[in-house]
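What follows is one structure encoded as structure tokens, with my remarks underneath.
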Amino acid sequence: MKVLVIGSGGREHALCWSLAKSPLCSELFCAPGNAGIASVATCVAIAAEDIEAIANYCGENKIDFVVVGPEGPLVLGLVDRLTALGIKSFGPSAAAAALEGSKGFMKDICAKYKVPTAAYGRFTDADAAKTFIRQQGAPIVVKTDGLAAGKGVIIAETLEDAERAVDAAMTDAVFGDAGAELVIEEFMTGEEASFFVLTDGVSALSLLSAQDHKRVGDGDTGLNTGGMGAYSPAPVLTAELEKQVLAEIVQPTIDGMRAEGKAYTGVLYAGLMLTPEGPKLIEYNVRFGDPECQVLMMLLKSDILPALMATYDATLDQIDLEWHDEAALTVVMAAKGYPGSYSKGDEIGGLAEAGTEEGVVVFHAGTKAGDGDQVLANGGRVLNVTAKAPAIAEAQTRAYAAVDRLDWPGGFCRRDIGWRAIQRG
Ligand code: AMP
Ligand code: GLY
């Protein structure tokens, strides 16, 4: 079977690495891919959001199955376009991808189907938004309705900060069209965890829990990023809590989406706040987390391809996944300056040496091939140094041992990935 993966990050490298092991996968392609992905798949120079070019490529090259990594092409309707051409794919339709593409839509679904989440209001008018903010009081959370490259969430400590956020989004349009509508919601407290399920629109197949580290600095300080590291499983999400999340949050959403005529298929990523009143949904993502996917793929024992295909074929109830009874942890190596401006083009040395550490795989997140076998930094998040071990502390030791074998003076990483789980013991 010919499989095409869409995307170019560490998540897509991990998916390609996993798919390449499938006996069902005879040829693997990735559009556009990166220097690491090129070692397991044939990279195709098509941008992830170029829907027409992807559709044409699939037709011309008789691709049997397309695995979509990022949310962008999903929200733009890639799966709908492929379905119309009779090409199978992994990921939701555009209508279902609105669970991530429109926070207001997601909140309305939660309200209608009684999924526990923060109380909220939806606004297209700045004055009405500010009146609501004054009624609710601070702290309060201001979110753009649309996708804003992970920057559209403002946690406002004061009323003034919240009102400024409204003006920035609505009057100054700093988030473009994404901020024309706002969701303003209750500030929740608790520890965060993520939970991933595959779904075919009817049944949910649990994957694992994970925790990421969104802040750029050690001790969870500094600016928000796409994620500086992750580990799985997240010990804070006990088996009992997982059951509760499935029964109260995930399954009602899947059933609700089907009832709305927008059956959701693919992977559903629930971002959770474990509040004193129980788990509540912060947000849904319609794709695997990045870098959470990397740790999930490290722990997966079974062939991933039949499971991904079953989400399309509506046969997920026949799939049983086996996992290594171990822990995995990934450390993101980023270019100095990230999440602000950074330079590209540095040569990265020591990749082969890093990969020889026990239990370690180095996934590429933002790299491109230079001359010969040179690998060059080509993004903000550049490498995901990922380790598997019997316990989380050991996985951390292995990952940092590999980090220390890299030769890249222009890069940096957090030194405390996994601290919460390790402290918990
Ligand atoms: P999101 O982009 O929706 O994942 O939000 C980014 C981060 O903002 C989350 O990981 C939380 O740390 C925080 N956040 C979002 N919504 C809330 C909320 N209602 N209460 C507290 N923190 C939140
Ligand atoms: N690591 C967070 C995300 O993928 O959204």
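Given the structure is predicted, the values throughout are model-derived calculations rather than measurements. Ligands are counted one by one from 1 in listed order, and the atoms in each one are counted from 1 as well.
Contact residues of ligand 1 (protein heavy atom closer than 4.0 angstrom to a ligand atom; sorted by chain and number): Lys103, Ala118, Val141, Lys143, Val153, Ile155, Glu185, Glu186, Phe187, Met188, Glu192, Lys214, Met273, Ile282, Glu283.
Between Lys214 and Met228 the shortest side-chain heavy-atom distance does not fall below 4.5 Å. Counting heavy atoms from C-beta on, the side chains of Pro116 and Ile249 come closer than 4.5 Å.
Remark: Val197 engages Phe195, Ala204, Ser206, Leu246, Val250, Leu268 in a side-chain contact (heavy atoms from CB on, under 4.5 Å) (not counting sequence neighbours). With sequence neighbours excluded, the residues forming a side-chain contact (heavy atoms from CB on, under 4.5 Å) with Thr42 are Phe29, listed by chain and number.
For the pairing with Arg398, the salt bridge (Lys or Arg N to Asp or Glu O under 4.0 Å) check across Glu358, Glu326, Glu357 returns one residue only, Glu358.
A salt bridge links Asp220 with Arg414: at least one charged nitrogen is closer than 4.0 Å to a carboxylate oxygen. With salt bridges taken as basic N to acidic carboxylate O contacts below 4.0 Å, none links Lys103 and Glu181.
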Identify the protein atoms, limited to N or O, that lie within less than 3.5 Å of an N or O atom of ligand 2, and list each pair with its distance to 0.1 Å.
{"residue": "ligand 2", "atom": "1 (N)", "partner": "Asp212", "partner atom": "OD2", "Å": "2.8"}
{"residue": "ligand 2", "atom": "1 (N)", "partner": "Gly226", "partner atom": "O", "Å": "3.0"}
{"residue": "ligand 2", "atom": "1 (N)", "partner": "Asp290", "partner atom": "O", "Å": "3.0"}
{"residue": "ligand 2", "atom": "1 (N)", "partner": "Glu292", "partner atom": "OE1", "Å": "2.9"}
{"residue": "ligand 2", "atom": "1 (N)", "partner": "Glu292", "partner atom": "OE2", "Å": "3.3"}
{"residue": "ligand 2", "atom": "4 (O)", "partner": "Arg287", "partner atom": "NH1", "Å": "3.0"}
{"residue": "ligand 2", "atom": "4 (O)", "partner": "Asp290", "partner atom": "N", "Å": "2.9"}
{"residue": "ligand 2", "atom": "5 (O)", "partner": "Arg287", "partner atom": "NH1", "Å": "3.4"}
{"residue": "ligand 2", "atom": "5 (O)", "partner": "Arg287", "partner atom": "NH2", "Å": "2.9"}

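Aromatic ring orientation, Tyr269 versus Phe196: tilted (interplanar angle from 30° to 60°).
Proximity of a side-chain donor or acceptor of Thr311 to a complementary backbone N or O of Ala307 within less than 3.5 Å is not detected.
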